[in-house]
Amino acid sequence: MNILLLGSGGREHALAWKLAQSPLCETLWAAPGNPGVAEVASCIDLDVTDHAAVIAFCEANVVGLVVVGPEAPLVDGLSDSLRGQGFSVFGPSQAAAQLEGSKGFTKDLCERAGIPTAGYDRVSTEADALAALAKFGAPVVIKADGLAAGKGVTVAMTMAEAEEAVREIFSGRFGEAGAEAVIEEFMEGEEASFFALTDGSTIVPFASAQDHKRVGDGDTGPNTGGMGAYSPAPVLTPALEAEVLERIIAPTVRQMENEGTPYSGVLFLGVMLTGEGPKLIEYNCRFGDPECQVMMLRLESDLVELLHACADNRLAAIAPPRFSNDTALTVVMAANGYPGTPEKGGAIRGIEAAEDTGAKVFHAGTALKDNALVASGGRVLNVTARGASVTEAQAKAYAAVDALDFPTGFCRRDIGWREVAREKAHGQ
Ligand code: AMP
Ligand code: GLY
């Protein structure tokens, strides 16, 4: 089967790496891909906002499966356009992608389906937002409704911070995404991520992970797209996983199906493990980046078979995904300046030396300049390793990081710290 993968980051390199290993995969195309993806796929230029152009490419190249990496083309309805022409697509419809595309949509759905999540108000004017703040009191959470590249959420510890966030949203900083907002009750607890595949009716648990959103060691400094992750996340015990499936994921999938907008693809949820049990923080309609990188390193099943069955409503007919019991851990190497303006063009050497340690280095923001590899984005490389424990995976990942030569880059030195501390306390 010929496959077209859309996207250009570390998540897409990990997906391409795994898709290309499948005996079911004939030609793998990637648009636009990156120099890492190009090692296993043919990279092409294709404007994903031009649905007719994507359809024409799929027709000309007899594409049997389209895998959509990032959320923007899903929220933009690309999968509907492709399905309308008879193509198999891994990724939800535009209506179902609202689970990520509109925070208010998701909160209302949770209310209709009785799914545990933080109490909330949907607001569309500054005055209503300020009234909601007064109702909830600080700490409180303010979210722009639409996609805001991970920058639309403020967890405000004081009323002054909260009011500032509200003013920012309604001053137009997030454009359309900020025309509406959600004001939410603050939830206390540890966060974890969970992934499930669904074709609209069958649900197949995939894997758990935990990421590190702050830029600095000890979870300090500004938020980023994620500075590192590991999978599985032992904090999500089998009992908690079962509860998340039963109380959050299953009612969501059922509700979407009943409302005529079945969700097909991967459901990525952020959950808060509160004193009252797990509660939904948010949904994403795609794999996490860098969570995907660690899950792909552990996945033993054929990814093409899984994603194709998901796209064609055949999940019930195939074996559920199998994963190695190992932990996989990834360290993000970012360019100096990230998450502000990253320094571009810095030379990257030593990837082979890093991989000689047994790690896998995924490209996230790289480019070729005069045949030499350089940094071209904020998050540049994902140095990913496996081990029998988080402590071992962490040691291997940092040994690979130390073999890299990327002078204009940096990374956190403590990815996995929570679990490493727990393993130490348990004498593992
Ligand atoms: P989101 O984009 O909705 O995942 O929010 C980004 C981050 O804000 C989450 O990963 C949490 O750390 C935090 N957050 C979101 N909602 C809440 C909440 N209701 N209570 C506490 N923290 C939250
Ligand atoms: N790492 C978080 C995300 O992909 O949204």
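Just follow the structure's listing: the first ligand is 1, and inside any ligand the first atom is 1. In what follows, residues are counted from 1 in the order of the sequence shown. Computed from a predicted model, the values in this text were never measured in an experiment.
Nearest-residue assignment for atom 10 (O) of ligand 1 (options Glu191, Glu188, Glu282; heavy-atom criterion): Glu191.
Counting only heavy atoms from C-beta outward, the side chains of Val68 and Val89 approach each other to under 4.5 Å. Residues His51 and Val54 form no side-chain contact, since every pair of their non-hydrogen atoms from C-beta on lies 4.5 Å or further apart. Side-chain contact between Glu161 and Pro139 is absent, with no heavy-atom pair separated by less than 4.5 Å.
Here is the list of ligand 2 atoms found below 4.0 Å of a heavy atom in Gly225: 1 (N), 2 (C). Residue Glu291 approaches ligand 2 through these ligand atoms, each under 4.0 Å from one of its heavy atoms: 1 (N), 2 (C), 4 (O). Contact atoms of ligand 2 toward Gly288: 4 (O) (distance under 4.0 Å to a heavy atom of the residue).
Under 4.0 Å from ligand 2, the heavy atoms of Arg286 that appear belong solely to its side chain. No part of Lys213 comes within 4.0 Å of ligand 2, judged by heavy-atom distances.
Any N or O atom pair closer than 3.5 Å counts here, and Met187 shares at least one such pair with ligand 1.
Side-chain atoms of Gln94 and Asp80 form no donor-acceptor pair, as typed in the model, at a separation below 3.5 Å. In this model, a donor atom of one side chain and an acceptor atom of the other lie less than 3.5 Å apart for Ser22 and Asp302.
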